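The structure appears below as structure tokens.
None of these values were measured; they are calculated from a predicted model.
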Amino acid sequence: MPRPDGGFVVEATPGDFRLNVAPLLNLSPRPPGPPNATVPPGLQNAYVKTIRLGEIDVLNAGIRLAGAPAGRLEVVIGTTPGSFEGSVVDGNQAAGPGMTVVLLPDIRRRTDLYKITTTDPAGRFRIDRVAPGDYRAFTWSEISDGAWHDPDFMQAQEAGGTPVHVVEGSASSTRLTVIR
């Protein structure tokens, strides 16, 4: 429930929780809805940078509530995400058009940060509005939609992934090879 000072109140019973602020990076500048409903220009590239309750990293680790928390919940919003771009080649070093490129955060439970795209006819791709952090990039010529959400499937694919570090306000670039 919002307060006049811009703060908010979250009411919850005791238990284990994951807190997620609406996936700001998935908002488009003109979301569906009433004709005058738009994302303010200052939030068009917004992402959740951190959520902390005292010393606890609530965004990545979750939170256990046994009673009223001792501190304030702090949500920090960033507005200068990075991007990830590059090219895909097959085992013969030929361009990989129409390949699926998936960017997964190192903290896999952060599914709000999963990014997916397809390469263009020259085998190039670009993913904009990526929250800064550490990821692994994967590319396949054929894959079932959403297979990257299956931990067992991804465990067998990890060696074929490429480490990627996305920096705030910068473009990370790499060349990926198709996973067979």
Exercise. Using a 4.5 Å cut-off on heavy atoms from C-beta on, say whether the side chain of Phe138 contacts that of Ile143.
Key: no
Quiz prompt | Residue pair Ser83 / Val130: nearest heavy atoms and the distance that separates them | solution = CA-CG2, 4.2 Å
Exercise. Identify the two heavy atoms, one from Ala137 and one from Val164, that lie closest to each other, and give their separation to 0.1 Å.
Key: CB-CG2, 3.9 Å
Quiz item: Sequence neighbours excluded, which residues qualify as side-chain contact (heavy atoms from CB on, under 4.5 Å) partners of Val75?
Solution: Phe8, Val21, Val48, Ile51, Ile77
Quiz item: Is the closest side-chain donor-acceptor distance between Gln157 and Arg136 under 3.5 Å?
Solution: no
Self-check item: salt bridge (Lys or Arg N to Asp or Glu O under 4.0 Å) partners of residues 140-156, not counting sequence neighbours, each pair once
Solution: none
Quiz item: Between His165 and Asp134, what is the shortest heavy-atom contact and its length?
Solution: ND1-OD1, 2.5 Å
Self-check item: Nearest-0.5 Å distance that lies between atom CG in Leu53 and atom CG in Leu65
Solution: 7.5 Å
Less than 3.5 Å apart, which donor and acceptor atoms pair up between the side chains of residues 96-110 and the rest of the protein, not counting sequence neighbours?
| unit_1 | atom_1 | unit_2 | atom_2 | d |
| --- | --- | --- | --- | --- |
| Arg108 | NE | Pro105 | O | 2.9 |
| Arg108 | NH1 | Glu158 | OE2 | 2.7 |
| Arg108 | NH2 | Glu158 | OE1 | 3.4 |
| Arg108 | NH2 | Glu158 | OE2 | 3.2 |
| Arg109 | NE | Asn60 | O | 2.7 |
| Arg109 | NH2 | Asn60 | O | 2.6 |
| Arg110 | NE | Asp112 | OD1 | 3.0 |
| Arg110 | NH1 | Asn60 | OD1 | 3.2 |
| Arg110 | NH2 | Asp112 | OD2 | 2.8 |

Exercise. Give the ring-plane orientation class for Phe153 versus Trp140, where under 30° counts as parallel, over 60° as perpendicular and anything between as tilted.
Key: tilted
Quiz item: Rounded to the nearest 0.5 Å, how far does CD1 of Ile127 lie from OG1 of Thr117?
Solution: 5.5 Å
Practice problem: Name all pairs fulfilling the salt bridge (Lys or Arg N to Asp or Glu O under 4.0 Å) condition that reach into residues 160-171, sequence neighbours left out, sorted by first residue then second. | Solution: Lys49-Glu168
Exercise. Determine whether more than 12 heavy atoms belonging to other residues, nucleotides or ligands lie under 6.0 Å from atom CD of Gln155.
Key: no
Practice problem: Quick one: do Tyr135 and Phe84 satisfy side-chain contact (heavy atoms from CB on, under 4.5 Å)? Show the steps, please. | Solution: CA-CA 10 Å; Tyr135 296 81; Phe84 175 54; over 6 Å; no
Self-check item: Closest non-hydrogen atom pair, Ala66 against Pro14
Solution: O-CG, 4.0 Å
Quiz item: Does Ala122 have any side-chain contact (heavy atoms from CB on, under 4.5 Å) partners at least two apart in sequence or in another chain, and if so, which?
Solution: Asp120, Arg124
Exercise. Give, for atom CD of Gln93 and atom OG1 of Thr177, the distance between the pair rounded to the nearest 0.5 Å.
Key: 5.5 Å
Self-check item: Worked check of side-chain contact (heavy atoms from CB on, under 4.5 Å) between Asp57 and Thr50
Solution: CA-CA 7 Å; Asp57 176 358; Thr50 62; 5.9 Å; no
Exercise. Quick one: which residue pairs count as a side-chain hydrogen bond (donor to acceptor under 3.5 Å, both in side chains) with a foot in residues 64-76, not counting sequence neighbours?
Key: Asp16-Arg64
Quiz item: Taking atom NZ of Lys115 and atom CG of Asp128, what is their separation to the nearest 0.5 Å?
Solution: 9.0 Å
Exercise. Could you tell me the separation between the OG1 atom of Thr139 and the CD1 atom of Ile179, rounded to the nearest 0.5 Å?
Key: 7.0 Å
